[in-house]
Trainee: 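Provided herewith is a single structure, encoded as structure tokens, for subsequent inquiry.
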Amino acid sequence: MAANAILSLSPAASLRLLPYKTIRLLSLFPTRRLPLGPPPLRRRVFCCSAAEAVETNKWGGVDGKVKGNGELGVGNVGVPGIGSNRVGEFRKRLRISEIKGGEDGGLSRVGSELTVVGWVRTVRVQSSITFVEVNDGSCLSNMQCVIDADADGIDQIESGLVSTGASIWVQGTIVASQGSKQKIELKVNKIVLIGKSDPSFPIQKKRVSKEFLRTKAHLRPRTNTFGAVARVRNALAYATHKFFQENGFVWVSSPIITASDCEGAGEQFCVTTLLPNSGEVGDSRVDAIPKTENGLIDWSQDFFGKPAFLTVSGQLNAETYATALSDVYTFGPTFRAENSNTARHLAEFWMIEPELAFADLNDDMACATAYLQYVVRHILDNCKEDMEFFNTWIEKGIIDRLTNVADKDFVQLSYTDAIELLLRSNKKFEYPVKWGCDLQSEHERYITENAFGGCPVIIRDYPKEIKAFYMRENDDGKTVAAMDMLVPRVGELIGGSQREERLEYLEARLDDLKLNRESYWWYLDLRRYGSVPHAGFGLGFERLVQFATGIENIRDAIPFPRTPGSSEF
């Protein structure tokens, strides 16, 4: 890499951070006026789902053994003269992930009698035995249930009621599997159909496209791919909170409705009650919107008395709490009305946005690096089965790629050096490269995938003309203390900056961009009353899910994607 001789490279600085019982539903007698005096005690009638088929409290206890019916006592609790049933103890249902977990794959449970509930993936009927694969969503693996002709409830299989998509309850004994695909299986002595599945169930044991599954977003979590994505997404969210909580950050709920545009791009969804909200919205008339005398929309009659929008970022609000609590973070939904149909954009997405008080750009880069390495290591350690699935079926080599991210030092270089590197590559890019241009995805991926062999790269000190108004101006007057973290396959994953803490500089920047100071009066106040150097970054959570799973389209990284022309489900 001859080009590297001109670069000033260094690792990013290190971060300076320090057993439940089923609750029964009560069915009361019809209410009527009570006579004076103590009423006679009446025993309430208990009802529970699938009561005719499955006795109460047999969904599988924390130890996996069948429970007794756990009758609740009737007594006069709290209100004199009125019988009251005590709420049962909460107990954790035994899940397939726990049954088959551990290094022995569940062999230690051989001989145990237990129950499993879940949804049927496949049914294979042979001459004298039937195999039913059941999945409860707790892990990728199914529980293979072996059912012979003597099992209680075998008629439900013979009649075709137990089919792909149906929900069932099975009770049996764990035995060592005779097959090679699993170590244990459940020899069933009783099977109960909880909810049958219509033959039109669209997800059978065959390959279907992700595009098709987006039209079935309510059912796609039952597939291997989207079940695994959901579990990894959950693990990333858990690890996010764990990282910041362990390092002294306070979680702040930022508003979803706002009157300011954090990015200044104007790509916001308007929130209004000026449109008639009774009856059919489709019948709303344009002339029903109140107007001023000069024909403009009369925003004074709107719910908030002025234009309001769905937020594109919680950053500005987080800064207010950082100036009081030092280190804070937000984690919530954000919205952008960008008419883009690419595999990288959503209209609704989640953002993680920490703010560090008494911090500069170096602290910001160190925090971003430590955070990403922490959450990647978490899923590698805690989502091994799902990650192996992604490694086999979605992106070969993803585990090695993520391991590199978790273990290696990150590289940092200036925007100017990055432009010079791209110019010296002699590669023909779709978007021409020159100093002052905004780096595109093709530029970012070349830098991290080709120039640095898959190592994450942090680029810092961007031209101020292509960055937001709140970023701190550097001493050269041309650049701002901004940084972007680039990762393989995704490109930019994190964007952050040191914030402009100097009032006069911030006011001048707002004027340069023709942004209304009055809309940011409270944000400017933070610079009037005890301003401190502070920094932060934003991370699109769905892009993190893409990066961690290898999923190519961002619409498959969120349960219910919102895109131009699509707000289904």
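Values reported hereafter were calculated over all heavy atoms of this structure, with side chains retained and with hydrogens, waters and symmetry mates removed.
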Trainee: Is there a side-chain hydrogen bond (donor to acceptor under 3.5 Å, both in side chains) between Gln315 and Glu355 once you walk through the steps?
Mentor: CA-CA 8 Å; Gln315 176 203 314; Glu355 285 292 322; 4.5 Å; no
Trainee: Set out, in order, the CA-CA distance, both residues' side-chain angles and the distance that settles ring-ring contact (aromatic ring centres under 6.0 Å, His included) for Phe560 and His218, then state yes or no.
Mentor: CA-CA 8 Å; Phe560 303 102; His218 59 307; 8.9 Å; no
Trainee: Work out which heavy atom in Met143 is nearest to a heavy atom in Val116; give both atom names and the distance.
Mentor: CG-CG2, 4.5 Å
Trainee: For Asn553 and Gln546, which heavy atoms make the closest approach, and how far apart are they?
Mentor: C-NE2, 3.7 Å
Trainee: For atom CZ of Phe541, decide whether the heavy atoms of other residues, nucleotides or ligands shown that lie under 6.0 angstrom number more than 12.
Mentor: yes
Trainee: Under the salt bridge (Lys or Arg N to Asp or Glu O under 4.0 Å) rule, what do Arg489 and Glu395 come out as? Steps first, then yes or no, please.
Mentor: CA-CA 11 Å; Arg489 296 192 81 245; Glu395 181 198 339; 3.3 Å; yes
Trainee: Of the non-hydrogen atoms in Ala322 and Ala357, which two are nearest, and what is the gap between them?
Mentor: O-CB, 3.4 Å
Trainee: Give a yes or no on whether Glu552 atom CD has more than 12 heavy-atom contacts from other residues, nucleotides or ligands under 6.0 Å away.
Mentor: no
Trainee: With heavy-atom distances below 4.5 Å as the criterion, would you say the side chains of Met387 and Thr549 are in contact?
Mentor: no
Trainee: Is there a side-chain contact between Asn189 and Asp152 in this structure, where contact means two heavy atoms from C-beta onward sitting under 4.5 Å apart?
Mentor: no
Trainee: Taking the side chain as C-beta and beyond, is there a heavy-atom pair between Val229 and Val545 under 4.5 Å?
Mentor: yes
Trainee: For the pair Trp393 and Phe389, name the ring-plane relationship: parallel under 30°, tilted 30 to 60°, perpendicular over 60°.
Mentor: tilted
Trainee: Checking side-chain hydrogen bond (donor to acceptor under 3.5 Å, both in side chains) for the pair Glu133/Thr122: CA distance, chi angles, key distance, verdict?
Mentor: CA-CA 5 Å; Glu133 298 279 342; Thr122 61; 5.0 Å; no
Trainee: Keeping the roles fixed (side chain from Gln171, backbone from Thr115), state whether a donor-acceptor pair exists under 3.5 Å.
Mentor: no
Trainee: Would you check if Phe390 and Val232 make a side-chain contact, meaning some heavy-atom pair closer than 4.5 Å?
Mentor: yes
Trainee: Determine, stepwise, if the pair Glu542 / Arg233 fulfils salt bridge (Lys or Arg N to Asp or Glu O under 4.0 Å).
Mentor: CA-CA 8 Å; Glu542 283 67 36; Arg233 181 184 172 99; 2.8 Å; yes
Trainee: Taking side-chain contact (heavy atoms from CB on, under 4.5 Å) as the criterion, tell me which of Val328, Asn317, Thr330 meets it with Glu353.
Mentor: Thr330
Trainee: Do Arg109 and Asp104 meet the salt-bridge criterion of a basic N to acidic O distance under 4.0 Å?
Mentor: no
Trainee: Between Phe244 and Tyr371, does a ring-ring contact (aromatic ring centres under 6.0 Å, His included) hold up when you go through it step by step?
Mentor: CA-CA 8 Å; Phe244 288 116; Tyr371 164 78; 5.4 Å; yes
Trainee: Apply side-chain hydrogen bond (donor to acceptor under 3.5 Å, both in side chains) to the pair Tyr329 and Thr240, showing each step before the final yes or no.
Mentor: CA-CA 10 Å; Tyr329 71 105; Thr240 293; over 6 Å; no
Trainee: Any side-chain to backbone donor/acceptor pair from Asp136 onto Ser138? Under 3.5 Å, distance only.
Mentor: yes
Trainee: Please report the closest heavy-atom contact between Phe537 and Pro354, naming both atoms and the distance.
Mentor: O-CD, 3.1 Å
Trainee: Give me the atom names and distance for the closest heavy-atom approach of Trp119 to Gly165.
Mentor: CD1-O, 3.8 Å
Trainee: Quick one: does Ile99's side chain get under 4.5 Å of Leu186's, heavy atoms only?
Mentor: no
Trainee: Does Thr392 reach the main-chain N or O of Glu388 with its side chain, forming a donor-acceptor pair under 3.5 Å?
Mentor: yes
Trainee: Donor-acceptor pair, Asn382 side chain versus His378 backbone, under 3.5 Å?
Mentor: yes
Trainee: Evaluate the criterion side-chain hydrogen bond (donor to acceptor under 3.5 Å, both in side chains) for residue pair Arg121 and Asn224; output intermediate values, then yes/no.
Mentor: CA-CA 10 Å; Arg121 288 292 179 88; Asn224 286 339; 3.0 Å; yes
Trainee: Just checking Phe212: does its CZ atom have more than 12 heavy atoms from other residues, nucleotides or ligands closer to it than 6.0 angstrom?
Mentor: yes
Trainee: Quick check: do Val250 and Tyr321 have side-chain heavy atoms less than 4.5 Å from each other?
Mentor: no
Trainee: Check whether any side-chain heavy atom of Ile494 sits under 4.5 Å from a side-chain heavy atom of Leu486, and report yes or no.
Mentor: no
Trainee: Run Lys242 and Glu246 through salt bridge (Lys or Arg N to Asp or Glu O under 4.0 Å) and show every step you take.
Mentor: CA-CA 6 Å; Lys242 197 166 183 284; Glu246 288 177 353; 2.8 Å; yes
Trainee: Please check if the side chain of Arg445 supplies one atom and the backbone of Val487 the other of a donor-acceptor pair under 3.5 Å.
Mentor: no
Trainee: For Phe349, does its backbone N or O pair with a side-chain atom of Thr334 as donor and acceptor, under 3.5 Å?
Mentor: yes
Trainee: Do Phe547 and Leu402 touch side chain to side chain, with heavy atoms closer than 4.5 Å?
Mentor: yes
Trainee: For Phe201 and Thr164, work out which heavy atoms get closest and say how close.
Mentor: CD2-O, 3.7 Å
